[in-house]
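Notes to accompany the following structure.
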Number of protein chains: 2
Amino acid sequence: MTDAEPSRPRLRADARRSIDTLLTAAAEVFAESGVDAPVRQITARAGVGAGTLYRHFPQRSDLIAAVFRHEVDACADTAPALAAGHAPVEALRLWLLRFTHFIATKRGLSAALHSGDPAYDSLPSYFQLRLVPALEDLLGAAAESGEIRTDTDPNDLLRAVANLTLPAQDDDGHTGRMVGLLLDGLRYGAP
Amino acid sequence: MTDAEPSRPRLRADARRSIDTLLTAAAEVFAESGVDAPVRQITARAGVGAGTLYRHFPQRSDLIAAVFRHEVDACADTAPALAAGHAPVEALRLWLLRFTHFIATKRGLSAALHSGDPAYDSLPSYFQLRLVPALEDLLGAAAESGEIRTDTDPNDLLRAVANLTLPAQDDDGHTGRMVGLLLDGLRYGAP
DNA sequence: TTGCTAACCGGAACAGCGTTCCGTATCGTT
DNA sequence: AACGATACGGAACGCTGTTCCGGTTAGCAA
């Protein structure tokens, strides 16, 4: 569990609450309307004034980056729980689907990433830092149980699933089926 | 010479003039500040009211697309003149440099292309339609004179030069030298 | 418990954007 | 020369991100 904001001096309780509310409200709004959604839409849903938002996230891009990190954390943190509660390959499948949902809420973010705003500079490396180890563990467990092949690069798999998810807006279980197909591919080379 | 606007009903003289002024003003502003530059900056430079702009380009994206087509035309139309006035390989080099300038004025356009605005849908194909034949002719002439190899795909070369140009903002003769290097590569396989 | 102050909150206000509207001026024709 | 269609300029509109500040509240000290 990594926290979204470092916040050196201890925050007051109401501040902490505002930040959390804003983060979840922003995540919802971004998922619905993309990261270009108006700020007021976020503050309205959070039931918070604009001043409150800008106190904690001086720039719009700071909020976007924070939400991103927050969701990366949430996604990565799911891995251990799934690993504990399911058979290795099933845990892997469920986590990849979870990752799928994560990507699906990122409409417009790739454009933002290439905008040159320095607030986004650390995002790609954070993405790797948190998600690759999570996937590595799941892959490792499944490989150890002898159910999947061992020559898969976690990074490649993340990319593949992400690309699978991006084009389709939202449809029937298409992405789910495609992830299943990928998993079968992994099984194919099992020892 | 392909015209920017089809304009079925004959345009009044002042309208034609406004469109031309706007197109060149927009091209200059886009080159200086990128395609995200404020509309008012364009109308100011053109010495024209906002209403005039929107009469001819109902959406901001229509203006961008028109400027793009206009400049693609200008670039493509340079090829025959260069071919007539220079030795084949030199004509090729000069045109590639010209293309380099074209790309350099496209800051922010790639983001716009991926924005999903239908006004941009026809742009990539127009790009191919006009520039590939122009380059094909120059390559053909140079190949016929036996000075360069014959296995080069015009599309590949355009992409390569474009990629060469994009990263660097504007510097010493770096892109020029790189284009020269590419040309030497072409010469290398000459029969 | 009470009182005080630094931290925090809400929302009105500001500047700048794309776009629309409309009274006025101009073109091209009769 | 006069008239209608067409085009022009720029003020005005609605929306945006962001700033500002008077009022509120949390958390500590007495």
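In what follows, every chain begins at residue 1, and chains take the letters A, B, ... in the order their sequences are listed. Keep in mind the model is a prediction, meaning the values are calculated, not measured.
- Donor-acceptor pairing under 3.5 Å is recorded for the side chains of B:S122 and B:R69.
- Nucleic acid contact class of B:A37 (heavy atoms, under 4.0 Å, all strands): sugar-phosphate only.
- Mapping B:Q59 and B:A13 onto DNA chain C by nearest heavy atom places B:Q59 at the nucleotide closer to the 5' end.
- For A:R16 and A:D20, the salt-bridge test passes: some basic side-chain N is under 4.0 Å from an acidic carboxylate O.
- A donor-acceptor pair under 3.5 Å is absent between the side-chain atoms of A:W95 and the main chain of A:P80, judged by distance alone.
- For B:L53 and C:dG18, the CG to P distance is 10 Å, given to the nearest whole Å.
- In this structure, CG of B:L63 is placed 10 Å from P of C:dT19, rounded to the nearest angstrom.
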Distance-only check: which donor-acceptor pairs under 3.5 Å involve side-chain atoms of residues 29-39 of chain A, not counting sequence neighbours?
from, atom 1, to, atom 2, distance (Å)
A:E32, OE1, A:R45, NH2, 2.9
A:E32, OE2, A:R45, NH2, 3.1
A:S33, OG, A:Q41, NE2, 3.3

Determine, for nucleotides 1-14 of chain C in 5'-to-3' order, which nucleotides have protein heavy atoms under 4.0 Å from the base (write B), from only the sugar-phosphate (write S), or from neither (write -).
-----BBBSBB-B-
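- Atom CD of B:E90 sits in a crowded spot, with more than 12 heavy atoms from other residues, nucleotides or ligands closer than 6.0 Å.
- Residue A:E144 qualifies as open at atom CD: its count of foreign heavy atoms under 6.0 Å is 12 or below.
- Between chain B and DNA chain D, the heavy-atom contact criterion of under 4.0 Å yields a 5' to 3' nucleotide range of D:dA5 to D:dA12.
- Remark: C1' of C:dT20 and CZ of B:F57 are 18 Å apart, rounded to the nearest angstrom.
- A donor-acceptor pair under 3.5 Å links the side-chain atoms of B:D62 to the main chain of B:Q59, judged by distance alone.
- No donor-acceptor pair closer than 3.5 Å links the side chain of A:T52 to the backbone N or O of A:V48.
- Considering only side-chain N and O atoms, B:Y54 lies nowhere under 4.0 angstrom from the phosphate OP1 or OP2 of C:dT20.
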